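In each ligand, atom 1 is the first atom listed, and ligand 1 is the first ligand listed. Keep in mind the model is a prediction, meaning the values are calculated, not measured.
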Amino acid sequence: MARRPLVAGNWKMNGLSASVAELQKIMAGTQHFANVDVMVCPPATLLAGFAAAARGSRVAIGAQDCHPCPAGAYTGDIAAEMLKDAGAQAVIVGHSERRHYHGETDAMVRDKALAARRSGLAAIICVGETQAERDAGHARAVVRAQLEGSLPDGAADFALAYEPVWAIGSGVTPTPHDVADMHGFIRQMLSARYGDAAQRTRILYGGSVKPNNAAELLAVDNVDGALVGGASLKAEEFLPIVRIYG
Ligand code: PEP
């Protein structure tokens, strides 16, 4: 089945209000790309401004995390409903930096994905093994456990992002063969759990996607787009990646 690709930029903890200029360059550069969905996920402080700036463009705005509850005494946290209210259309959940620095478990990630569903946001659920886990031959087992624990029951109404932890920010990527192997495995797991609906679920690759390696990575079977970190901060690096589908 042909799935419409998605290229999403995760800005992490980068960007000030002046960064709307970079978003505008991305908007201008993608306006004629009819075959690909484009998303920018800025820090929460920029969500409302970016959503307002991007209205009517081809660029959707996403958030980077949400709290599972709709409201409450959770100082510093942000509910999915608040992200939606600020103009977000999607939210990344279970990014390895959240799992690592904030101790997020699979169960927490699943609850966040459910919160996204409840509030009408599309969840982008991240999974991926560490270098030590890959070296020990456990990459599939780790990803299997993350999928079993992090994915919500019911509809396959989310996107998945396979992001090997060792590839994030390192400049190192898996071989196309290894990406094909893991994405095929993830597709099988999704099909076993969600049936035919899993054919529509987009599986993004993430981890050091750059203009010089994107064509090779995005051509791999079952790779339906990319989650891009560092290279999404500058339009001049992000646009050549999106243009592969243009
Ligand atoms: C990420 O953290 O989601 C990511 C893919 O980062 P980078 O592209 O910088 O490796």
Answer yes or no for Ala231: is there a heavy-atom contact with ligand 1 below 4.0 Å?
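Ala231: no contact with ligand 1 (<4.0 Å).
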Nearest to [atom], what protein heavy atom do you find, and at what distance?
atom: atom 3 (O) of ligand 1; answer: Glu163 OE2, 2.8 Å
atom: atom 8 (O) of ligand 1; answer: Gly229 N, 2.8 Å
atom: atom 2 (O) of ligand 1; answer: Lys12 NZ, 2.5 Å
atom: atom 9 (O) of ligand 1; answer: Gly230 N, 2.8 Å

Quick one: do [X] and [Y] make a salt bridge, cutoff under 4.0 Å?
X: Lys84; Y: Glu81; answer: no
X: Arg4; Y: Asp224; answer: no
X: Arg202; Y: Asp37; answer: yes

Is the closest N or O pair between His95 and ligand 1 shorter than 3.5 Å?
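Yes, there is a polar N/O contact under 3.5 Å.
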Kindly confirm or rule out an N or O of Gly207 lying under 3.5 angstrom from an N or O of ligand 1.
no
Can you list, pair by pair, the side-chain donor-acceptor contacts under 3.5 Å of residues 65-72, counting residues two or more places apart and other chains?
from	atom 1	to	atom 2	distance (Å)
Asp65	OD1	Lys112	NZ	2.8
Asp65	OD2	Arg98	NH2	3.2
Asp65	OD2	Lys112	NZ	3.4
His67	ND1	Cys69	N	2.9

How about NE2 on His102, more than 12 heavy atoms from neighbouring residues, nucleotides or ligands closer than 6.0 Å, or not?
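Yes.
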Report the part of Ile168 in contact with ligand 1, treating N, CA, C, O as backbone and CB onward as side chain, heavy atoms under 4.0 Å; options are side chain, backbone, both, neither.
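For Ile168, backbone and side-chain atoms both sit under 4.0 Å from ligand 1.
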Is the contact between Ser232 and ligand 1 made by the side chain, the backbone, both, or neither, using heavy atoms and a 4.0 Å cut-off?
neither
If you count the atoms of ligand 1 from 1 in the order shown, which ones are under 4.0 Å from a heavy atom of Ala167?
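Under 4.0 Å from Ala167, ligand 1 has these atoms: 10 (O).
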Ile168: which other cluster members, linking ILVMFWY side chains closer than 4.5 Å, directly or transitively?
none
Please test Glu129 against Arg140 for side chain to side chain contact (heavy atoms under 4.5 Å, CB included), starting from the C-alpha separation and ending with a verdict.
CA-CA 8 Å; Glu129 81 287 354; Arg140 274 189 176 210; over 6 Å; no
